[in-house]
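Working notes, beginning with the structure itself.
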Amino acid sequence: MKKIFITTAIAALFTANVFAFNGSKTTEDGSEKASYTAITKFNNDFVRAEGATWKITSKFQKVTFILDDVKMSAFYNLKGEFIGVTQNVQFKALPEKAKTEIAAKYVGYFAQEVIKLEGGDDTTSYFVDLKKDSEEVLLKVTPTANITVAKQIQ
């Protein structure tokens, strides 16, 4: 009877350890960090990255870092699969046609921020945050200068 109890206890410990490991690393204080898969992919894709800091949410894993003196953020899903990388760029980085259309349609607005998103599927998009007085609009711009309103903020 004693052997059965000890065997069951040992089996329970191993089972608990197996189910407790979710592929994530944890810090000494027990807080969750990025998954091993995401960290490995990041280290392979951004070899020269410096100052990487991770933030984990219920939907994605984000790492902010510096690469060639440019601050960037890479995003991974919870399985560690690459979603895309972002960086702030200047308004002049937009396609000429998009700049012209934005200037004509959004007179009096100024670009607060322009973020370039390079997706894991080799697509590139720009998100332009425009502001005028108390009005704010977030535009999505494709490399072919297709402009859509991503969000109207008032």
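- In summary, the side chains of T64 and S73 do present a donor paired with an acceptor at a separation below 3.5 Å, with no hydrogens or angles considered.
- Residue M72 holds its CE atom at 4.0 Å from CD of Q87, rounded to the nearest 0.5 Å.
- At a threshold of 4.5 Å between non-hydrogen side-chain atoms, the residues V149 and L138 do not count as touching.
- Side chains of L117 and V85 form no contact here, defined as non-hydrogen atoms less than 4.5 Å apart.
- Put simply, the side chain of N88 does not reach to within 4.5 Å of the side chain of V114, judged on heavy atoms.
- Between atom OG1 of residue T124 and atom NZ of residue K116 there is a gap of 5.5 Å, rounded to the nearest 0.5 Å.
- Atom NZ of K59 is separated from atom CG of L78 by 9.5 Å, given to the nearest 0.5 angstrom.
- Using the six-membered ring where Trp is involved, F75 and F60 have ring planes that are perpendicular, over 60° apart on the 30 and 60° scheme.
- Side-chain contact between L139 and D129 is absent, with no heavy atoms from C-beta onward closer than 4.5 Å.
- Using a 4.5 Å heavy-atom cutoff, the side chains of W54 and K33 are not in contact.
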**Prompt:** Could you go step by step and tell me if N146 and V141 meet the side chain to side chain contact (heavy atoms under 4.5 Å, CB included) rule?
**Reply:** CA-CA 6 Å; N146 182 29; V141 180; over 6 Å; no

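- Distance check, rounded to the nearest 0.5 Å: CZ of F82 to NZ of K41 gives 10.0 Å.
- K99 places a side-chain N or O within donor-acceptor distance of the main-chain N or O of K92, the cut-off being under 3.5 Å.
- Between V89 and I115 there is no side-chain heavy-atom pair separated by less than 4.5 Å.
- Taking both residues in full, the closest heavy atoms of P95 and P143 are given as CG-O, 3.5 Å, listed atom of the first, atom of the second, then distance.
- In plain terms, the two heavy atoms of E101 and A145 that are nearest each other are OE1-O, 4.2 Å.
- Of all the heavy atoms in F42 and A49, the pair that sits closest is CZ-CB, 3.6 Å.
- In terms of modelled atom types and a separation under 3.5 Å, the side chain of D68 and the main chain of V70 share no donor-acceptor contact.
- A distance-only check finds a donor-acceptor pair linking the side chain of Q61 to the backbone of S35 [under 3.5 Å].
- Between F65 and F46, the ring planes lie tilted relative to each other; the angle falls in the 30° to 60° range.
- One N or O on the side chain of N43 and one on the backbone of I39 form a donor-acceptor pair closer than 3.5 Å.
- Of the possible donor and acceptor atoms, none in the side chain of T148 sits under 3.5 Å from a partner among the backbone N and O of A150.
- Between the side chains of T123 and D121, at least one donor-acceptor pair of N or O atoms lies under 3.5 Å.
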**Asked** Taking it one step at a time, do T57 and K62 satisfy side chain to side chain contact (heavy atoms under 4.5 Å, CB included)?
**Response** CA-CA 8 Å; T57 71; K62 173 185 173 184; over 6 Å; no

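- Residues E81 and Y76 fail the side-chain proximity criterion, which asks for heavy atoms closer than 4.5 Å.
- Once rounded to the nearest 0.5 Å, the distance linking CG of L130 with NZ of K132 reads 11.0 Å.
- For N44, the CG atom sits in a packed shell: over 12 heavy atoms of surrounding residues, nucleotides or ligands are nearer than 6.0 Å.
- Contact of the K151 side chain with the V137 side chain is not registered, since no non-hydrogen atoms from C-beta on lie closer than 4.5 Å.
- Between the side chains of Y109 and E135, at least one donor N or O lies within less than 3.5 Å of an accepting N or O.
- The minimum heavy-atom distance between A111 and F91, with the atom names listed, is CB-CD1, 3.8 Å.
- Separation of atoms NZ (K71) and OG1 (T86) is listed at 9.5 Å; rounding is to 0.5 Å.
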